[in-house]
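Both ligands and their constituent atoms are indexed starting at 1 by order of listing. Worth knowing before you read on, the calculation uses all heavy atoms, side chains too, and leaves out hydrogens, waters and symmetry mates. These figures come from a predicted structure and were not determined experimentally. Along the sequence shown, the residues carry numbers beginning at 1.
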Amino acid sequence: MIEVKSITKKFGNLFAVKDFSIGINHGEFFALLGPSGCGKTTLLRVISGFELADGGNIFLDKENITNLKPFVRPTNLMFQSYALFPHYNVFKNIAYGLEREKLEKQEISIRVNEIICKTNLTGLEERYPDQLSGGQKQRVALARCLVKKPKVLLLDEPLTALDKNLKEKMKIELKNLQKQFGITFIIVTHDQDEALALADRVAVMNEGQLVQVGTPKEIYSKPKNLFVAEFIGKMNFFQKLKIEGNNFYFQDNSFITLLENNFENPQCVGIRPEDILLKANGNTNYKFEGKIIDIIYHGQENEVIINSKISEEPILIKCHKNQELILNTNISLYCALSSFRLY
Ligand code: ATP
């Protein structure tokens, strides 16, 4: 539905976005994820028309919209700050875009009331933005975009202004609203958990370029390179002592036989904390010894830091709250060869 083709945007000599191409499907919840300054917002602003590209094209349903003004594009951008009008009440804020389109008063009223109901704002119509909570303000900003029935809604860090609990609640609401309206959502975020929880597909960006695109599961379980592996979730990296054939030697001279070795000069292997187990099972075929040096309580699932001769860096594992672990004791740990990835 949306085709971003070789988009480049420069500010002076800086490439904010460089030769970026992506296809986004109709009705998809798509996330642009990357560290601060990697060009996510710039790309979103180019798609919305608030910024003009220096090169490349954007097609929406095969129509070239690259040079269209923002307000004539079938897209709508929800700003990070929400940008509500402080002197308008909730109803007027939501109605604003329709009034600009010079629609009949009655139609405006029907559409605004319908969206107020769907976004759970009933009873707040007369309130002004400074009389609303963070979550309510966010819903008004969403309602104001959705009421215009855009084909694509672009959201710049929509949850950043909310506290942790509200963020969790709004994640669910955002996902429900997207399903209910069937509109394509493109969200910009630097928060990995947010992108993985919300999106059907995630594009990971770095220094203006696309690094990897895939479903949250693909990105998490098969990060393409060291950058994605470090950026998404937590990962233990073990530096190599040496590699001989398909054997990867850890710092203590123990080794694993890698299932595949397609890399020219791999530096390390990576393994997710949850793939290092405290008990052997049918899949685990590598065992190493370690000592518990710290336990970080998170409630349901805790993090345990281990020192081991296989690595100079401490190793992170995860364990359930019911698992009894004692500080400064030695333990055995088990991994499946298939859990290791080479970088
Ligand atoms: P953040 O997550 O911090 O918002 P981002 O990934 O959205 O970052 P952008 O805001 O797109 O990144 O910025 C990309 C790069 O372009 C940055 O180096 C930024 O300083 C630069 N940049 C953005 N807008 C402008 C501008 N109007 N003029 C000059 N440089 C800019």
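Proximity to Pro35 (heavy-atom distance under 4.0 Å) selects the following atoms of ligand 1: 6 (O).
Ion pair Glu301/Lys321 not flagged as a salt bridge, since none of the NZ, NE, NH1 or NH2 atoms sits closer than 4.0 Å to an Asp/Glu carboxylate oxygen. Using a 4.0 Å cut-off between a side-chain N of Lys or Arg and a carboxylate O of Asp or Glu, Arg139 and Glu173 qualify as a salt bridge. One finds no salt bridge joining Arg272 and Glu274 here, because no Lys/Arg side-chain nitrogen approaches an Asp/Glu carboxylate oxygen to under 4.0 Å. Checked for salt-bridge contact, Glu303 and Lys234 meet the test: a charged N lies under 4.0 Å from a carboxylate O. Taking the charged nitrogens against the carboxylate oxygens, Glu168 and Lys171 do have a contact shorter than 4.0 Å, which makes a salt bridge.
Nearest to atom 3 (O) of ligand 1 among the protein's heavy atoms is Ser36 OG, 2.6 Å. With hydrogens left out, the protein atom closest to atom 2 (O) of ligand 1 is Lys40 NZ, 2.8 Å, a heavy atom. For atom 31 (C) of ligand 1, the closest non-hydrogen atom of the protein is Phe11 CD1, 3.3 Å. When hydrogens are left out, the protein atom nearest atom 14 (C) of ligand 1 is Gly37 O, 3.5 Å; that is the closest non-hydrogen contact. Regarding atom 21 (C) of ligand 1, its nearest protein heavy-atom neighbour is Leu14 CD2, 3.6 Å. Of all protein heavy atoms, the one lying nearest to atom 11 (O) of ligand 1 is Thr42 OG1, 2.5 Å.
Of the options Thr160, Asp156, Thr41, the smallest heavy-atom separation from atom 4 (O) of ligand 1 is shown by Thr41.
Between Tyr343 and Phe227, the distance separating the two ring centers is not shorter than 6.0 angstrom.
Counting only heavy atoms, the protein never gets under 4.0 Å from atom 19 (C) of ligand 1. Protein heavy atoms are found less than 4.0 angstrom from atom 6 (O) of ligand 1.
The aromatic rings of Phe288 and Phe238 sit perpendicular to each other, their planes meeting at more than 60°, with 30° as the lower class boundary.
Cation-pi geometry between Lys10 and Phe15 is satisfied (NZ or CZ under 6.0 Å from the ring centre, within 45° of the ring normal). Taking the ring axis of Tyr249 as reference, the NZ or CZ atom of Lys242 stays within 45° of it and closer than 6.0 Å to the ring centre.
Distances shorter than 4.0 angstrom do not occur between any heavy atom of Gly12 and any atom of ligand 1. Ligand 1 lies out of reach of Gly34, whose nearest heavy atom is not under 4.0 Å from it.
The shortest N or O to N or O distance between His190 and ligand 1 is not below 3.5 Å. Below 3.5 Å of separation, one finds an N or O of Cys38 facing an N or O of ligand 1.
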